[in-house]
**Student:** 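Sharing a structure, written as structure tokens. Questions coming.
Proteins come first, then strands; the chains are lettered A, B, ... in the order of their sequence lines, and each starts at number 1.
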Protein chains: 2
Amino acid sequence: MGKASLHKDNLVRTAMRLFRRQGYASSGLQQILAESGAPKGSLYHYFPDGKEALGEAAVRLAADMIGRMLRDLADRHSDPTAFVRAYARTMAGWMQASDFESGCPIATTLLETAPQSPAITAAGLQAIDDWTDVIAGVFERDGMPRRSARTRAGLVISAMEGALILARVRQSTRPILDVVQIASASGTA
Amino acid sequence: MGKASLHKDNLVRTAMRLFRRQGYASSGLQQILAESGAPKGSLYHYFPDGKEALGEAAVRLAADMIGRMLRDLADRHSDPTAFVRAYARTMAGWMQASDFESGCPIATTLLETAPQSPAITAAGLQAIDDWTDVIAGVFERDGMPRRSARTRAGLVISAMEGALILARVRQSTRPILDVVQIASASGTA
DNA sequence: TTCGTTCTAGACCAATCGTTATAATTCTGC
DNA sequence: GCAGAATTATAACGATTGGTCTAGAACGAA
């Protein structure tokens with residue numbers, strides 16, 4: 001047990017990478033197969049429901065990755081501003097490392113499929129809920145009321161998602177780093 | 001003169017609508033042709049460079065639409081918070097009217113093509129620059145220094161782009177309406 | 001009417017799309 | 001070694017992809 005099927009993992013990882021860079025529809029199963037190194041016949045064995053199931057798995061994997069990263073940062077930073085700054089710096093680093101070709105690993109897929117594909121949309125919803133929990137927790141821990149903390153967390157996610165779009169178009173990490181201002185702003189009426 | 005070719009306009013309009021809802025790669029030229037009502041032979045007559053040129057035109061049309069809307073709201077609202085609130089309400093209305101199927105008319109296309117396609121990326125860059133000008137103008141008019149105003153405008157755009165993603169996934173206009181808080185927040189260190 | 005331009009139809013291209021079915025292979029427990 | 005399950009290869013499916021080419025229809029000006 002625990003093998004968790006190397007080939008299956010490679011398929012999902014490769015799908016995530018390609019969906020992130022070039023989108024869901026543009027990434028053919030052939031390309032995913034080829035770049036993952038998984039055997040041709042293994043795709044429909046591990047994913048009998050085809051591409052949509054692979055898309056869902058890719059979104060779930062991405063959600064886990066980001067979620068783990070956020071939890072790690074939340075453990076190391078009690079101050080919300082410092083936390084969001086670390087978050088922004090991490091994403092900016094990824095963006096730069098990809099030469100501004102890869103942003104959020106779920107945004108493109110979701111925009112192409114939500115809400116038409118229930119499976120992928122549900123996976124995306126869980127991802128956003130999970131991230132919201134973590135980020136709101138940091139604000140709450142700092143004394144912010146629960147409801148405000150969740151709204152603020154949503155704003156951080158929105159701003160980050162948008163910033164990852166602007167960064168690719170502008171070919172600059174500036175929009176990403178500016179997101180930190182959301183954390184330190186005072187609440188509104 | 002000024003006919004501006006009805007068929008060409010219909011092609012671009014239809015392309016914008018479809019790219020917005022289902023993405024750039026998922027929208028075939030056949031579908032665009034069919035839904036636009038334009039003659040089959042007219043596509044490559046008006047767009048000899050093919051789909052990419054159509055994508056660029058769609059992005060430019062969308063940029064114009066949003067730009068005009070923003071300028072109209074900027075004329076009617078001198079208070080930045082009121083302006084962003086009106087902006088958010090407009091976008092929320094569109095989102096709801098489309099049954100949460102259509103968000104930003106350029107985001108999906110850009111995520112699928114930037115920065116690989118220089119033409120589409122350039123069109124997207126101009127769009128964002130234009131919107132930034134309008135929004136920053138409202139903040140400046142309210143007394144905010146120019147640099148801060150432009151940064152804040154970028155945050156509003158980022159937050160709105162991200163909120164349009166979250167809205168589709170959540171099937172709720174809440175994330176969009178929350179963007180107004182960006183306008184009324186105090187600046188940061 | 002005639003000429004030249006603008007526009008459109010239609011056939012066709014090779015390539016790829018996601019998917020299915022069947023058969024062969026490899027692995028695992030006994 | 002044998003049986004059965006898990007995995008993989010291969011071929012083919014119909015549909016569609018974006019793009020090209022040629023022929024001709026519709027048009028405007030002289």
**Student:** Let me know the distance between NZ of K40(B) and P of dG10(C), rounded to the nearest Å.
**Tutor:**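 Whole-Å distance recorded here is 9 Å.
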**Student:** What's the NZ-P distance between K8(A) and dT8(D), to the nearest Å?
**Tutor:**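 Result: 12 Å.
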**Student:** Can you tell me how far P of dT16(D) sits from CD of Q22(B), to the nearest Å?
**Tutor:**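 Q22(B) atom CD is separated from dT16(D) atom P by 14 Å.
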**Student:** Side-chain N or O of Y44(A) less than 4.0 angstrom from OP1 or OP2 on dT7(D)?
**Tutor:**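 No.
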**Student:** Just wondering, more than 12 heavy atoms not from R21(B) lying within 6.0 Å of its CZ?
**Tutor:**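 Atom CZ in R21(B) is crowded, with more than 12 foreign heavy atoms closer than 6.0 Å.
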**Student:** Which of the following nucleotides, dT8(D), dT19(C), dT8(C), is nearest to the side chain of H7(B)?
**Tutor:**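 Of dT8(D), dT19(C), dT8(C), dT8(C) is nearest to the side chain of H7(B).
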**Student:** Are L164(B) and L111(B) grouped together when hydrophobic residues (ILVMFWY) are joined by side-chain heavy atoms under 4.5 angstrom apart?
**Tutor:**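 Per the 4.5 Å side-chain linkage, L164(B) and L111(B) are not co-clustered.
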**Student:** Nearest-Å distance, CZ (F47(B)) to P (dG18(D))?
**Tutor:**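 Atom CZ in F47(B) sits about 15 Å away from atom P in dG18(D).
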**Student:** Would you verify whether the NZ or CZ of K8(A) falls within 45 degrees of the ring axis of F47(A) while also being under 6.0 Å from that six-membered ring's centre?
**Tutor:**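 Judged by the rule (NZ or CZ under 6.0 Å from the ring centre, within 45° of its axis), K8(A) counts as positioned above F47(A).
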**Student:** From the set dG18(C), dA9(C), dT8(C), return the single nucleotide nearest to any side-chain atom of S42(B).
**Tutor:**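 The answer is dT8(C).
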**Student:** Roughly, in whole Å, what's the span from CG in L43(A) to C1' in dT20(C)?
**Tutor:**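 Taking CG of L43(A) and C1' of dT20(C), I get 13 Å after rounding.
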**Student:** Between dT8(C) atom C1' and L33(B) atom CG, what is the distance in whole Å?
**Tutor:**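 So the two atoms are 11 Å apart, to the nearest Å.
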**Student:** Does the T151(A) side chain pair with the main chain of R147(A), one donor and one acceptor, at a distance under 3.5 Å?
**Tutor:**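 At least one qualifying donor-acceptor pair exists.
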**Student:** So, is Q30(A) near the phosphate of dC17(C), with a side-chain N or O under 4.0 Å from OP1 or OP2?
**Tutor:**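 Affirmative; the distance criterion is met.
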**Student:** Looking at R76(B) and D72(B), does any basic side-chain N land under 4.0 Å from a carboxylate oxygen?
**Tutor:**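 A salt bridge is present here (some side-chain N lies under 4.0 Å from a carboxylate O).
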**Student:** Does S27(A) reach a base, just sugar-phosphate, or nothing at all? Heavy atoms under 4.0 Å.
**Tutor:**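 Sugar-phosphate contact only.
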**Student:** Could you state the atom-to-atom distance from CD of Q31(B) to C1' of dT16(D) in whole Å?
**Tutor:**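 These atoms are roughly 12 Å apart.
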**Student:** Answer yes or no: does a side-chain N or O of H45(A) lie under 4.0 Å from OP1 or OP2 of dT8(D)?
**Tutor:**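 Negative; the distance criterion is not met.
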**Student:** Rounded to whole Å, please give me the gap between CD in E112(B) and P in dG18(D).
**Tutor:**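 Atom-to-atom, E112(B) to dG18(D), this comes out as 12 Å.
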